[in-house]
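I'd like to ask some things about the structure below.
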Amino acid sequence: MSKKKISKRKARKSLPPQEEDVIHDVIHLDGLYKNWFLDYASYVILERAVPSIKDGLKPVQRRILHAMHEMDDGRYNKVANVIGSSMQYHPHGDAAIRDAIVHIGQKDLVIDTQGNWGDVRTGDSSAAPRYIEARLSKFALEVAFNSDTTEWQLSYDGRKKEPVSLPVKFPLLLQQGVEGIAVGLSTKILPHNFHELIKASIDALKGKNPKIYPDFPTGGYADFSEYDQGYRGGKIKVRAKIEIVDKKSLVIKEIPHGTTTLSLIDSIVKASEKGKIKIKQIIDNTAQDVEIQIHLQSGQSPEIAMDALFAFTDCEVSISPNACVIVEGKPQFMKVNEILKFNVEDTTNLLKLELEIKRDHLKERILFSSLEKIFIEKRIYRDIEECETFEDVIKTIDKGLKPFKKQFYREITEEDIIRLTEIKIKRISKYDSFKADDLLRDLEKELKETLHNLKNLVEFAIAYYQNLLSKYGKGRERKTEIKSFQSITAVEVIANNQKLYVNRADGFVGWGLKRDEFIAECSEIDDIIAIRKDGKAVVSRISERVFMGKDILYAGVWKKGDDRMIFNMIYSDGKSGKSFVKRFAIPAIIRDKEYDLGQNNPNSRVHYLSANPNGEAEVVEIKLTASSSARKKIFEFDFSELEVKGRGARGNTLTKYPIRKVDFKESGGSTLGGLELWYDDASGKLNKDTRGKFLGKFNHEDKIITFTRGGTYRISGFDLTTRFEAEKTLNVEKFNPKKVVSAVYWDGQSKQPFVKRFQIETITPDKEFGFISEAIGSRLEFATQADNPELEIEVVKGKSKSKQKEVINLEDVIDVKGWKAMGNRLSTFKVTKISAIAEEEEIEAEVEEPRKEKVKKKRRTATKAKPNKIIRRSPKSKKAKSQKNTSKGKSKKRKGKRK
């Protein structure tokens, strides 16, 4: 045994019994850590990071407002002094208090600020606390403070009293929003609109279930389809407000919440450096309003560039709310409408408590005023002149008041009588009974009103909220526009920042093979497909250099779900020796997996392969070997005779003799028919998913015509990546150069609606042409190429100024004129409303029949009705139609006579 152990035993034996027990009482460290961690976590959750549901404030915010209320004298105070006063209640450093007060001040609701307080849009910080000043706003003084209804507690050092929670009579937590990270949980409540919160509070008092959505000081657009009322697990998308200036530049007017102009520009620069967006220059002109100019490189479409900004930069961000608040000393996850209802109920209780306090105060004032009136008018003060002791004085006054005690709501106490003795002789000598009667009358009237409010508490609370809205609601309108976003696929909008090359013999494909054969432009996130001579196909992610197998016949960019890319192939089977012909698409595939396009037999060989983006079918010439026993050794084959099948299909037998060569002879048209397209006015995009208005079937040469509210038209292609500005776009249709445009516009100079009909004469792709008056205030109300354009207008007729509705066919109002003509007035009467009538359109469609004749199919337009824009009308009777046809015939005869 070691000497150390022996010495320890001797030491223990020599110790007194009490000290020996202390040594044996062992405390394990893991238990200490466990308790300390729980204490620390509870402290951070309750005292630092998470706000209380009652007043919506964190402890540091509550202590700042309390300190400012104690300092308040109507004038501004240096923020450094406010920080010093707040440190009497908050047991932490001045930096945390400074950050908290600046954060509250930037919300511009409960604190009036003076000086440089920073900018949430640009991320600029505030000036030093000694240079900026603050005071409580009138709103805060009215809503957040009342010493009579406040629950108090001792401060951390026991020297001061501080509020447990402020008696806030407004959903301050939801208006300002809050973020906090505690131990094991976090909270994120987004700011909401002042007007909408008050209106929702009124709806909650009326028993409704209101829904509220965030509103951000930076503006922008927001999609709340997955918001779930702020509950954890929800999500919102926020976008910047981007406008197209011209074909080469964009401008950002508003930025998403949680970003700054600096961070937004940095994200755009990074995306440009990676080649995802082709940008020439970015200029930040932000001053009073946000303005970030983006100049694009030549050849970059502004619509696609806008979508690319949403896809690759902070112009679109996703925010995950997580509403967590302290309820009765415990953290609790709630929805924002539940928080609102709790706040409305708490506000109602506070208003009730204030009314009860006011009622008791008025009763006391009425009681003492009545006592004073009796004491002076009945001259009771003279009876006390002969009293020798104070007790005799009290008894004498009490005896004089005895006949009047029944009219009071409570018993008269000695304290009331003592207050009467404190009335000065000067006041008694100048006492005016008429003024005293008026005062009592006013007090009783006020008491009656208070009692009425207590009985009708809900109506009183509604009036309270309405008063807040009228006093403080100016300038607090919604800034963030609520919209529904369509998800943008990165592949659709990324700029082609690389060039794709192929080495067919060695089997390599990529953008680094610059000495080899160029295929096409591509981006860094594209997939590439390669089809080899042995009939194998493989899809891989693009890179600088990727091996796809030797003897590549075709390599190109592969798009998932593209069922219009048709491959025409002729191959010979390695087992039977026969040659087969097939047409197939590859819309879906597993990356890096080889697929056999033949019959999975060795020694198979592809003789001919073509890739056709729109399902074209060509004619080829087949040449057999000279040694074959076939009578006809050269013959033609038309791929249009084959149906398009899956990639695993064997195909049709072309010949049983060996093929020497296959040559291309003649190109053909598409066999897939027209592409059916719809226009979704919510996203401003074309789609094949039946969303929005049906435009028709489009072949390769077809175009789209777009009419804008500014009175211009533009003819463009039907690329699915094209984006239309939904706010400026009035109508989108399939363009027919033979049809007439019928339009109604409001002339800004004459303040009258005009109608015009004209033929499109200038067909320059992607160029806008104005066709209405250029006067200030002119706007396009209606434009279409439909055959039978009808409008329903509301006009004011007669001295009674009664409104009447009329249906007008624009063909009967004006003849076809030049596109620069001003047109005719729509009506001789005052027009108050113009509504389009959805009619049946005749859409030409090619139907595959034995003769392949063109027939006409009737289709009801699936346009989405907008408010005050489209009114559906019941179908006309046969008699009305026949009368209309007769009138048309007569008008045609008249035109013929004129000619």
Side-chain angles (χ1 to χ4, degrees), residues 51 56 107 120-121 171-179 186-204 208-242 252-259 264 290 306-307 309-311 313-325 333-344 473 476-489 680-685 687 689 691-692 723 725-727 864 866-867:
K107 300 290 184 181
V120 294
R121 304 169 307 161
L172 189 64
L173 173 61
L174 298 179
Q175 200 280 336
Q176 295 200 124
V178 70
E179 285 189 46
S186 65
T187 182
K188 188 168 193 175
I189 300 174
L190 302 176
H192 291 71
N193 182 256
F194 185 89
H195 289 244
E196 294 173 5
L197 283 175
I198 290 182
K199 292 175 181 177
S201 300
I202 293 172
D203 289 341
K208 299 178 182 178
N209 188 22
K211 286 187 178 181
I212 51 176
Y213 298 102
D215 182 31
F216 307 116
T218 54
Y221 302 112
D223 183 357
F224 300 112
S225 56
E226 300 178 38
Y227 180 49
D228 195 21
Q229 290 296 295
Y231 199 65
R232 57 178 175 175
K235 184 178 70 173
I236 67 171
K237 295 178 183 176
V238 188
R239 281 184 179 178
K241 186 177 182 181
I242 307 176
I252 299 175
K253 291 288 188 181
E254 296 173 2
I255 61 175
H257 176 68
T259 65
L264 192 66
V290 173
M306 187 186 299
D307 286 344
L309 288 171
F310 293 141
T313 71
D314 287 345
C315 288
E316 179 180 323
V317 295
S318 180
I319 302 173
S320 299
N322 186 25
C324 180
V325 291
F333 293 96
M334 302 177 71
K335 294 186 176 182
V336 291
N337 56 348
E338 295 173 352
I339 296 174
L340 179 71
K341 288 179 181 178
F342 182 95
N343 183 267
V344 169
R476 301 186 185 278
E477 292 77 15
R478 170 168 278 277
K479 294 182 179 180
T480 303
E481 187 176 340
I482 300 174
K483 295 185 77 174
S484 178
F485 300 157
Q486 183 182 3
S487 58
I488 299 172
T489 307
D680 183 11
D681 58 354
S683 61
K685 282 190 171 185
N687 66 89
D689 307 324
R691 294 193 313 272
R723 188 177 182 274
E725 292 187 76
E727 295 178 353
K864 189 176 181 181
K866 296 182 180 179

Task: Within-4.5 Å side-chain heavy-atom neighbours: P256 and D314 - done: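 P256 does not reach D314 side chain to side chain.
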- [ ] Give, for atom NZ of K479 and atom NE2 of H257, the distance between the pair rounded to the nearest 0.5 Å.
- [x]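 Between atom NZ of K479 and atom NE2 of H257 there are 13.0 Å.
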Task: From S320 atom OG to R232 atom CZ, the distance as rounded to the nearest 0.5 Å - done: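 That separation rounds to 13.0 Å.
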Open item on the list: Return the CD1 to OH distance between I482 and Y221, rounded to the nearest 0.5 Å.
Closed with: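 I482 atom CD1 to Y221 atom OH measures 13.0 Å (nearest 0.5 Å).
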- [ ] Could you list the residues that satisfy ring-ring contact (aromatic ring centres under 6.0 Å, His included) with F224, not counting sequence neighbours?
- [x]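 Once residues adjacent in sequence are excluded, the partners of F224 under the ring-ring contact (aromatic ring centres under 6.0 Å, His included) criterion are Y213, Y227.
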- [ ] Check E316 against R239 and note the closest heavy-atom contact, atom names and distance.
- [x]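 Shortest heavy-atom separation between E316 and R239 comes out as OE1-NE, 2.7 Å.
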- [ ] With sequence neighbours excluded, tell me which residues meet side chain to side chain donor-acceptor pair (under 3.5 Å) with N337.
- [x]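 Once residues adjacent in sequence are excluded, N337 has no partner under the side chain to side chain donor-acceptor pair (under 3.5 Å) criterion.
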Open item on the list: Between T218 and R121 (side chain of the first, backbone of the second, donor and acceptor by atom type, cut-off under 3.5 Å), is there such a pair?
Closed with: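 Checked: no pair found.
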Open item on the list: Main chain of Q229, side chain of K335: is a donor-acceptor contact present, judged purely on distance under 3.5 Å?
Closed with: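 No; judged by distance alone, with no hydrogens or angles, the pair does not exist.
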Task: Closest contact, heavy atoms only, P171 versus L197 - done: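 For P171 versus L197, the nearest heavy atoms are O-CD1, 3.9 Å.
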- [ ] Under the side chain to side chain contact (heavy atoms under 4.5 Å, CB included) rule, collect the residues that match up with E226, sequence neighbours excluded.
- [x]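 Residues passing side chain to side chain contact (heavy atoms under 4.5 Å, CB included) with E226: K235.
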Task: Those residues that, when tested against F194, pass ring-ring contact (aromatic ring centres under 6.0 Å, His included) (two or more places apart) - done: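 F194: ring-ring contact (aromatic ring centres under 6.0 Å, His included) contacts with F139, F170.
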TODO: Give the minimum heavy-atom separation between I242 and C315, together with the two atoms involved.
DONE: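 Looking at all heavy atoms of both residues, the shortest contact is CD1-SG, 4.1 Å.
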Open item on the list: I'd like to check the salt bridge (Lys or Arg N to Asp or Glu O under 4.0 Å) partners of K341; sequence neighbours left out, ordered by chain and number.
Closed with: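 Counting only residues at least two positions away or on another chain, K341 forms no salt bridge (Lys or Arg N to Asp or Glu O under 4.0 Å).
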Open item on the list: Run the side chain to side chain contact (heavy atoms under 4.5 Å, CB included) test on I236 and L190 for me, step by step, so that the C-alpha distance in whole Å, both residues' side-chain angles and the decisive distance to 0.1 Å come before the verdict.
Closed with: CA-CA 11 Å; I236 67 171; L190 302 176; 3.6 Å; yes
Open item on the list: How about NZ on K107, more than 12 heavy atoms from neighbouring residues, nucleotides or ligands closer than 6.0 Å, or not?
Closed with: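 Yes, enclosed.
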TODO: Please assess N343 against L173 for the test side chain to side chain contact (heavy atoms under 4.5 Å, CB included), listing each intermediate value before the final yes or no.
DONE: CA-CA 9 Å; N343 183 267; L173 173 61; over 6 Å; no
Open item on the list: Under the rule for side chain to side chain donor-acceptor pair (under 3.5 Å), what residues qualify as partners of E196, not counting sequence neighbours?
Closed with: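 Testing E196 for side chain to side chain donor-acceptor pair (under 3.5 Å), a comparison that skips the adjacent residues, returns R478.
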Open item on the list: So which atom in I189 and which in A323 form the shortest heavy-atom distance, rounded to 0.1 Å?
Closed with: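 Answer, listing the atom of I189 first, then A323: CG1-CA, 3.7 Å.
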- [ ] Quick one: list whatever passes side chain to side chain donor-acceptor pair (under 3.5 Å) with T480, sequence neighbours left out.
- [x]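 T480: side chain to side chain donor-acceptor pair (under 3.5 Å) contacts with D215.
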Open item on the list: Can you list everything that forms a side chain to side chain contact (heavy atoms under 4.5 Å, CB included) with N687? Sequence neighbours excluded, please.
Closed with: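 Partners of N687 by the side chain to side chain contact (heavy atoms under 4.5 Å, CB included) criterion, ordered by chain and then number, come out as W678, D680, D689, R691.
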Task: Contact summary for T187 and C324, nearest pair of heavy atoms - done: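 Smallest heavy-atom distance, with atoms named: OG1-O, 2.8 Å.
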Open item on the list: V290 vs K241, test: side chain to side chain contact (heavy atoms under 4.5 Å, CB included). Steps then yes/no.
Closed with: CA-CA 10 Å; V290 173; K241 186 177 182 181; over 6 Å; no
- [ ] Could you tell me which residues satisfy side chain to side chain contact (heavy atoms under 4.5 Å, CB included) with V344, sequence neighbours excluded, listed by chain and number?
- [x]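 V344 satisfies side chain to side chain contact (heavy atoms under 4.5 Å, CB included) with S201, A204, L205, L340, T348, Y465 only.
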Task: Gap separating the CG atom of D203 from the CD1 atom of I198, nearest 0.5 angstrom - done: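 Spacing of CG (D203) from CD1 (I198) equals 12.0 Å.
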TODO: Please name all residues satisfying side chain to side chain contact (heavy atoms under 4.5 Å, CB included) with D223, sequence neighbours left out, ordered by chain then number.
DONE: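 Side chain to side chain contact (heavy atoms under 4.5 Å, CB included) list for D223, sorted by chain: S225, K237, S484, F485.
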Open item on the list: Please enumerate all residues that pass side chain to side chain donor-acceptor pair (under 3.5 Å) together with R476, with sequence neighbours excluded.
Closed with: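 By the side chain to side chain donor-acceptor pair (under 3.5 Å) rule, R476 matches no residue at all.
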Open item on the list: Would you say that P191 contacts Q176 through its side chain, given a criterion of any heavy-atom pair below 4.5 Å between the two side chains?
Closed with: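 SC-SC contact between P191 and Q176 ruled out.
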TODO: Taking all non-hydrogen atoms of both residues into account, name the closest pair between G473 and H195 and its distance.
DONE: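 Smallest interatomic distance, heavy atoms only, reads O-NE2, 2.5 Å.
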